[in-house]
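Structure first, commentary second.
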Amino acid sequence: MPARPFLTPDAGHIRQRRLDRMSDLLDTVRGLAKKTDSKILMVVLDGVGGLPLTPGTDTELGTARTPNLDALAQQSQLGLLELVGAGITPGSGPGHLSLFGYDPLKYVVGRGALSAVGIGVKLSSGDVAVRGNFATLGAGRLILDRRAGRPSDEKNVEIVAKLRAAIPEIDGVGVEIYTESEHRFVVVFRAPEGQPLGANISDVDPQVTGVEPGTATSGDPSSDRTAELVNTFVTRAEAALRDEPQVNGVLFRGYSDVPHFPSFEDAYQLKAACIASYPMYKGLASLVGMDVLPVEGHEDALDGKVKALRENWAKYDFFYFHVKKTDSTGEDGDFAEKVHKIEIFDELLPQLLELKPDVLAIVGDHSTPSKLKAHSWHPVPVLIHSDYGRRDAAQRYTEEEAARGSLGLRRGPDLMPLLMANALKLNKYGA
């Protein structure tokens with residue numbers, strides 16, 4: 001499989017010119033933000049945007065029975081968000097950064113660092129973190145399942161222990177392997193002193209089945225050694241797992257070194273909390289300075305998240321509340337189950353409304369249509385409920401109704417300023 005192209009110097013200059021032309025909204029908001037007692041709750045229904053299975057039918061949101069969301073939509077402002085740009089399919093990291101007000105074209109972080117930080121791993125300068133998937137490989141190393149049947153966390157721990165024993169280091173570079181959840185794991189290559197590792201490497205994960213895993217190639221001299229480490233790891237991992245019937249391969253994407261972001265609290269004057277179960281999302285929240293709250297129960301159970309929200313309601317100004325399974329079911333291509341997960345959230349919604357947030361946003365970090373079994377470029381529906389919204393034409397929280405809404409089609413980083421304004425947390429700009 002051909003290696004993924006890297007950003008050329010010319011392309012980099014083009015991107016930088018585009019960024020230079022953009023008004024940095026984050027800096028503008030930083031200068032206007034003020035402390036108030038109002039509270040903002042941002043609910044991210046991961047991958048909630050969808051597509052009809054056949055022309056003329058409804059998306060997952062349109063199919064779901066959602067009386068509580070419908071009633072809320074009739075009292076709210078709706079619109080659509082492009083998280084990165086027209087036609088660009090966002091990863092979860094860029095999608096969330098966009099929702100938090102960080103332009104994803106300017107603030108870039110790899111999935112590896114997000115996952116590593118999310119499970120409490122400290123990265124040092126020169127280290128490289130990599131996000132991995134356990135996979136099922138068939139004859140000729142063809143990928144049969146990129147997620148190895150979504151093994152249990154217990155099976156993940158067992159496989160990670162096997163890999164740790166087989167690959168403690170590679171050519172003098174320390175190798176640390178960690179369980180994330182289900183099919184996901186994290187590898188950290190610890191740079192020897194004075195020999196920093198680069199992270200500009202092509203993916204091993206082709207993100208499709210029926211082909212062989214890719215070979216990691218380097219995009220610059222500082223990353224040459226890292227590419228060799230990755231390829232050696234893949235070879236040794238397959239040897240260590242050859243007797244496993246299902247979890248017998250590894251796929252890598254999302255290489256990253258230590259990222260740095262402006263503080264969320266400094267930018268918005270908000271004391272912010274994250275309520276999430278998956279390590280990657282906790283890692284992203286942690287990197288921007290949110291407090292990550294402990295959540296009881298399995299990641300698919302929302303009761304523990306609601307409990308964490310209630311118990312900490314008085315302590316914070318802003319809450320990021322993450323719901324994962326609307327995305328996982330879309331990636332599995334299970335339209336009916338994604339509809340079911342949306343309906344489960346709808347049943348939960350009254351418990352969130354009981355807290356009476358001054359501003360409530362419901363949004364996705366990207367679309368994951370069951371029809372595509374993957375993230376897509378389609379704009380995500382956004383709902384903003386506050387006492388200061390104008391009358392809206394939308395009647396339901398669906399993609400079609402959101403397109404009729406008063407917010408129109410906006411860029412993802414516009415969301416945080418809108419929430420701040422609806423919470424009366426922004427001073428006037430200029431005289």
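Ion pair Lys39/Asp358 not flagged as a salt bridge, since none of the NZ, NE, NH1 or NH2 atoms sits closer than 4.0 Å to an Asp/Glu carboxylate oxygen. Between Arg404 and Glu400, none of the side-chain N atoms (NZ, or NE/NH1/NH2) sits under 4.0 Å from a carboxylate O, so this pair counts as no salt bridge.
Side chains of Leu69 and Leu349 form a contact here, defined as non-hydrogen atoms less than 4.5 Å apart. Looking only at side-chain heavy atoms (C-beta outward), Val211 and Thr209 stay at 4.5 Å or farther from each other. You'll find the side chain of Val175 reaches within 4.5 Å of the side chain of Val187, heavy atoms only. In this structure, the side chains of Asp334 and Ser370 stay at 4.5 Å or more apart for every pair of heavy atoms. You'll find the side chain of His96 reaches within 4.5 Å of the side chain of Tyr281, heavy atoms only. Using a 4.5 Å cut-off on side-chain heavy atoms (C-beta onward), Leu41 and Leu355 make no contact.
Taking the six-membered ring where the residue is Trp, Phe319 and Tyr316 present perpendicular rings, their angle passing 60° and hence far from 30°.
Checking side-chain atoms of Ser223 against main-chain N and O of Ser218 turns up no donor-acceptor pair under 3.5 Å. No donor-acceptor distance shorter than 3.5 angstrom exists from the side chain of Asn248 to the backbone of Pro245, with no hydrogens or angles considered. In terms of modelled atom types and a separation under 3.5 Å, the side chain of Tyr278 and the main chain of Lys324 share no donor-acceptor contact.
A distance below 6.0 Å separates the ring centres of Phe134 and Phe185.
At least one cation-pi condition fails for Arg225 and Phe189: the charged atom is not both under 6.0 angstrom from the six-membered ring centre and inside a 45 degree cone around its axis.
At most 12 heavy atoms of other shown residues, nucleotides or ligands fall within 6.0 angstrom of atom CD in Glu296.
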> Does the salt bridge (Lys or Arg N to Asp or Glu O under 4.0 Å) test come out yes or no for Arg65 and Asp346, once each step is laid out?
Replying inline: CA-CA 8 Å; Arg65 183 179 178 277; Asp346 186 77; over 6 Å; no
> Hey, mind stepping through Thr368 and His366 against side-chain hydrogen bond (donor to acceptor under 3.5 Å, both in side chains) and telling me if it holds?
Replying inline: CA-CA 7 Å; Thr368 307; His366 53 78; 3.0 Å; yes
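For residues 70-94, the set of pairs meeting the salt bridge (Lys or Arg N to Asp or Glu O under 4.0 Å) definition, not counting sequence neighbours, comprises Asp70-Arg396.
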